[in-house]
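Only one structure is covered here, and it is reproduced in the block below.
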Amino acid sequence: MSELNEGIIVILSSPSGAGKTTLAKKISLEKNFFISVSHTTRKPRANEINGLDYFFVSKIEFEKLIKKEKFLEHANVFNNYYGSLKDTVIQKLESGVNVVFDIDWQGTEQIKQKKLKYKIITIFILPPSKNELFKRLLNRDQNDKKIANDRMKQFNRDVLHWKNYDFVVINDDLQNCYKKINKYINLKKKNVAFEAFDKKLIKEHVKNLIN
Ligand code: ADP
Ligand code: 5GP
């Protein structure tokens with residue numbers, strides 16, 4: 001059972017480009033959450049800073065960390081390794097600091113299966129439309145159409161995982177979306193158990209997205 005003086009875990013997942021990194025940063029800034037900075041073998045984007053956005057490491061370094069069992073979870077996403085180190089996160093949670101993760105569905109499943117004693121809130125982010133998602137991907141990846149297209153190809157598979165999350169939210173207007181996430185976190189923190197989002201609407205939205 002989670003203790004009052006322990007931190008909670010919030011996990012954000014989504015198809016690539018829907019906005020989870022932006023939202024994780026906002027949660028960190030406005031709610032004083034610690035962001036779990038992942039390790040990855042992907043190359044940094046132009047504006048990314050090592051140690052802040054990710055720890056950028058080689059495949060060999062990453063595999064060494066796997067061998068040493070340093071990861072709380074790790075997965076292969078878009079042909080690169082991504083993983084969250086165990087020690088930093090556990091230290092934070094033990095000292096009462098809340099932690100936000102921006103990870104994919106595979107990592108979420110691994111953390112859930114660990115049955116940690118900390119409270120876990122899982123949130124899935126959806127884009128308003130595929131067109132808008134493509135625009136966001138292009139904008140983020142310096143108009144690299146190949147990267148944006150590769151990520152879009154994965155969309156129909158990734159989006160189906162929304163069903164395994166506590167809450168699902170559409171990231172149309174950023175501030176609105178953040179407000180909803182904030183509400184969901186506060187509800188779950190207080191153990192208020194009710195369906196806070198409209199499942200029927202989300203189901204319909206996903207159906208439209210994948211068609
Ligand atoms: P993800 O982490 O899910 O892959 P990002 O947070 O990197 O997505 O967002 C992808 C791009 O979309 C970024 O350039 C970001 O600034 C932009 N973005 C995020 N949320 C919104 C929003 N609500 N409206 C417009 N642009 C957004
Ligand atoms: P990006 O390359 O766009 O930063 O991230 C690609 C995907 O990898 C996203 O779905 C993101 O959530 C996921 N990801 C980032 N860090 C981790 C991590 O530590 N573990 C897992 N499982 N996925 C991650």
Side-chain angles (χ1 to χ4, degrees), residues 9-29 34-57 62 65-66 70-89 99-114 122-144 146-155 157-162 164-165 168-181 209:
I9 293 175
V10 169
I11 302 180
L12 303 185
S13 299
S14 76
S16 185
K20 63 196 165 302
T21 308
T22 309
L23 287 156
K25 285 184 177 162
K26 209 166 159 56
I27 291 172
S28 165
L29 200 73
F34 173 78
I35 297 187
S36 167
V37 179
S38 302
H39 277 60
T40 183
T41 56
R42 149 164 98 59
K43 296 275 165 288
R45 296 187 183 115
N47 60 340
E48 285 180 328
I49 298 170
N50 190 32
L52 194 68
D53 295 290
Y54 279 106
F55 292 102
F56 296 98
V57 294
F62 200 102
L65 292 168
I66 297 177
K70 294 284 182 194
F71 288 112
L72 180 63
E73 64 74 33
H74 65 88
N76 197 303
V77 191
F78 302 115
N79 295 320
N80 278 300
Y81 281 129
Y82 292 83
S84 321
L85 285 192
K86 210 166 9 191
D87 288 356
T88 329
V89 163
V99 179
V100 59
F101 289 81
D102 153 8
I103 59 175
D104 83 329
W105 63 272
Q106 304 174 82
T108 307
E109 283 309 308
Q110 289 174 37
I111 294 181
K112 274 161 69 176
Q113 276 164 23
K114 290 240 151 81
T122 60
I123 303 172
F124 200 84
I125 320 286
L126 294 171
S129 68
K130 262 188 166 170
N131 267 349
E132 173 64 18
L133 182 68
F134 189 66
K135 271 193 226 153
R136 288 183 192 173
L137 283 168
L138 265 187
N139 178 38
R140 184 185 67 190
D141 290 302
Q142 289 96 44
N143 286 316
D144 188 326
K146 181 173 175 343
I147 294 180
N149 276 321
D150 282 351
R151 296 206 162 197
M152 290 297 290
K153 271 187 209 148
Q154 192 79 23
F155 177 84
R157 258 168 292 163
D158 282 347
V159 78
L160 298 177
H161 295 283
W162 71 269
N164 301 322
Y165 285 72
V168 184
V169 60
I170 301 168
N171 179 20
D172 194 346
D173 175 75
L174 187 69
Q175 194 55 32
N176 251 342
C177 180
Y178 172 74
K179 261 169 72 181
K180 282 186 188 161
I181 289 178
L209 284 171

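All residue numbers refer to positions in the sequence shown, counting from 1. Just follow the structure's listing: the first ligand is 1, and inside any ligand the first atom is 1.
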Checklist outcome for this item: Quick note on ligand 1: atoms under 4.0 Å from a heavy atom of S14 include exactly 3 (O)
Checklist entry - Going by heavy atoms in the side chains, are L174 and L23 under 4.5 Å from each other? => result yes
Checklist outcome for this item: Of all protein heavy atoms, the one nearest atom 7 (O) of ligand 1 is R140 NH1, 2.9 Å
Checklist entry - Stepwise, does the side-chain hydrogen bond (donor to acceptor under 3.5 Å, both in side chains) test hold for T122 with T108? => result CA-CA 8 Å; T122 60; T108 307; over 6 Å; no
Checklist entry - Is the closest side-chain heavy-atom distance between L85 and F71 below 4.5 Å? => result yes
Item to check | Aromatic ring proximity, centroids under 6.0 angstrom, F134 and F155 | outcome: no
Checklist entry - Counting heavy atoms only, which part of D172 comes closer than 4.0 Å to ligand 1: side chain, backbone, both or neither? => result backbone
Checklist entry - What residue and heavy atom of the protein are closest to atom 8 (O) of ligand 1, and at what distance? => result G19 N, 3.2 Å
What does the N/O contact table under 3.5 Å look like for ligand 2?
{"residue": "ligand 2", "atom": "2 (O)", "partner": "R42", "partner atom": "NE", "Å": "2.5"}
{"residue": "ligand 2", "atom": "2 (O)", "partner": "R42", "partner atom": "NH2", "Å": "3.4"}
{"residue": "ligand 2", "atom": "2 (O)", "partner": "Y82", "partner atom": "OH", "Å": "2.5"}
{"residue": "ligand 2", "atom": "2 (O)", "partner": "R151", "partner atom": "NH1", "Å": "3.4"}
{"residue": "ligand 2", "atom": "2 (O)", "partner": "R151", "partner atom": "NH2", "Å": "3.0"}
{"residue": "ligand 2", "atom": "3 (O)", "partner": "R45", "partner atom": "NH2", "Å": "2.8"}
{"residue": "ligand 2", "atom": "3 (O)", "partner": "R151", "partner atom": "NH1", "Å": "2.5"}
{"residue": "ligand 2", "atom": "4 (O)", "partner": "R42", "partner atom": "NH2", "Å": "2.9"}
{"residue": "ligand 2", "atom": "4 (O)", "partner": "Y54", "partner atom": "OH", "Å": "2.5"}
{"residue": "ligand 2", "atom": "5 (O)", "partner": "Y54", "partner atom": "OH", "Å": "3.4"}
{"residue": "ligand 2", "atom": "12 (O)", "partner": "D102", "partner atom": "OD1", "Å": "2.9"}
{"residue": "ligand 2", "atom": "16 (N)", "partner": "S38", "partner atom": "OG", "Å": "3.1"}
{"residue": "ligand 2", "atom": "19 (O)", "partner": "S38", "partner atom": "OG", "Å": "2.7"}
{"residue": "ligand 2", "atom": "19 (O)", "partner": "E73", "partner atom": "OE2", "Å": "3.2"}
{"residue": "ligand 2", "atom": "19 (O)", "partner": "G83", "partner atom": "N", "Å": "3.3"}
{"residue": "ligand 2", "atom": "19 (O)", "partner": "G83", "partner atom": "O", "Å": "3.3"}
{"residue": "ligand 2", "atom": "19 (O)", "partner": "S84", "partner atom": "OG", "Å": "3.3"}
{"residue": "ligand 2", "atom": "20 (N)", "partner": "E73", "partner atom": "OE1", "Å": "3.2"}
{"residue": "ligand 2", "atom": "20 (N)", "partner": "E73", "partner atom": "OE2", "Å": "2.8"}
{"residue": "ligand 2", "atom": "22 (N)", "partner": "E73", "partner atom": "OE1", "Å": "2.8"}
{"residue": "ligand 2", "atom": "22 (N)", "partner": "D104", "partner atom": "OD1", "Å": "2.8"}
{"residue": "ligand 2", "atom": "23 (N)", "partner": "D104", "partner atom": "N", "Å": "3.2"}

Checklist entry - For A148, does its backbone N or O pair with a side-chain atom of D141 as donor and acceptor, under 3.5 Å? => result no
Item to check | Close side-chain approach of Q154 and D150, heavy atoms under 4.5 Å | outcome: no
Checklist entry - Tell me, which protein residue and heavy-atom name are nearest atom 6 (O) of ligand 1, and how many Å apart are they? => result T22 OG1, 2.5 Å
Checklist entry - Looking at atom 18 (N) of ligand 1, what's its closest protein heavy atom, distance included? => result R136 CD, 3.9 Å
Checklist outcome for this item: min-distance protein heavy atom vs atom 2 (O) of ligand 1 -> T21 OG1, 2.4 Å
Next on the checklist: Return the closest protein heavy atom for atom 10 (C) of ligand 1 as residue, atom name and distance.
Outcome noted: G17 O, 3.5 Å
Next on the checklist: Tell me the protein heavy atom at minimum distance from atom 20 (N) of ligand 1, and give that distance in Å.
Outcome noted: N171 ND2, 3.1 Å
Checklist entry - Can you tell me if NZ on K114 sees more than 12 non-hydrogen neighbours from other groups inside 6.0 Å? => result yes
Item to check | T40 side-chain N/O to Y81 backbone N/O, donor-acceptor pair under 3.5 Å | outcome: yes
Item to check | Face-on cation placement of R151 at F78 ring, 6.0 Å and 45° thresholds | outcome: yes
Next on the checklist: Is there a salt bridge (Lys or Arg N to Asp or Glu O under 4.0 Å) between K25 and D53? Walk through the geometry before answering.
Outcome noted: CA-CA 10 Å; K25 285 184 177 162; D53 295 290; 3.0 Å; yes
